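A short worksheet on the structure shown next.
Just so it is clear, the model here is predicted, and its values are computed rather than measured.
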Amino acid sequence: MGLLVWILQIIAFLVVWKVVHLLYWNARKLLGSRSLLLTMFVTFCIALLAVILFHAFHTVWAGVLIAAFVLGIGNAEYELNREAP
């Protein structure tokens with residue numbers, strides 16, 4: 001049973017990561033702003049959200065989903081900045 005839960009957590013992590021990545025990346029592309037100040041603010045908000053959520057929830061499932069959410073946003077931000085000229 002433990003192995004099944006572990007596999008489900010991996011699948012949930014990857015699905016949440018990719019969904020958040022795609023949603024956030026598309027939202028930032030629609031915004032069209034490529035300022036460094038906005039990127040710094042988004043990075044700060046990601047860190048703040050991660051710390052608040054990690055302290056609020058202490059279960060394994062919550063940790064897996066929060067980490068996937070934060071990494072999805074971070075990955076989208078990185079990909080968006082990598083495309084910038």
Side-chain angles (χ1 to χ4, degrees):
M1 185 65 176
L3 181 62
L4 180 62
V5 170
W6 193 71
I7 291 170
L8 288 174
Q9 288 174 344
I10 291 173
I11 292 170
F13 180 87
L14 293 173
V15 168
V16 170
W17 183 351
K18 190 45 85 175
V19 167
V20 169
H21 170 239
L22 291 174
L23 291 175
Y24 182 80
W25 184 72
N26 284 323
R28 281 294 304 269
K29 280 196 82 91
L30 288 176
L31 183 61
S33 176
R34 298 199 185 271
S35 73
L36 179 60
L37 187 60
L38 179 62
T39 300
M40 290 171 53
F41 177 71
V42 168
T43 304
F44 173 75
C45 288
I46 291 168
L48 183 64
L49 178 69
V51 170
I52 289 171
L53 291 176
F54 275 124
H55 282 283
F57 302 102
H58 296 288
T59 66
V60 174
W61 277 101
V64 166
L65 296 178
I66 292 166
F69 183 80
V70 170
L71 287 173
I73 292 175
N75 193 337
E77 186 70 26
Y78 170 75
E79 192 172 311
L80 186 70
N81 289 331
R82 191 177 64 174
E83 291 179 355

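For the atom pair NE2 of H21 and CG of L14, the computed distance is 13.5 Å after rounding to the nearest 0.5 Å. The structure places CD1 of I73 at 16.0 Å from CH2 of W25, a figure rounded to the nearest 0.5 Å. To the nearest 0.5 angstrom, T59 atom OG1 is 7.5 Å from I66 atom CD1.
Under the 4.5 Å side-chain contact rule for hydrophobic residues, I52 and F44 share a cluster. Tracing side-chain contacts under 4.5 Å through hydrophobic residues (I, L, V, M, F, W, Y), one never reaches V70 starting from V64; they form parts of separate clusters. Hydrophobic cluster membership is shared by V15 and V60, with clusters built from Ile, Leu, Val, Met, Phe, Trp and Tyr side chains linked at under 4.5 angstrom.
In this view, L71 and F13, W17 satisfy the side chain to side chain contact (heavy atoms under 4.5 Å, CB included) rule, not counting sequence neighbours.
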For residues 4-11, dump all side-chain donor-acceptor pairs below 3.5 Å to protein atoms at least two apart in sequence or in another chain.
none

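Judged as a salt bridge (charged side-chain N to carboxylate O under 4.0 Å, His left out), the pairs with a partner in residues 60-77 (not counting sequence neighbours) are, in order, R28-E77.
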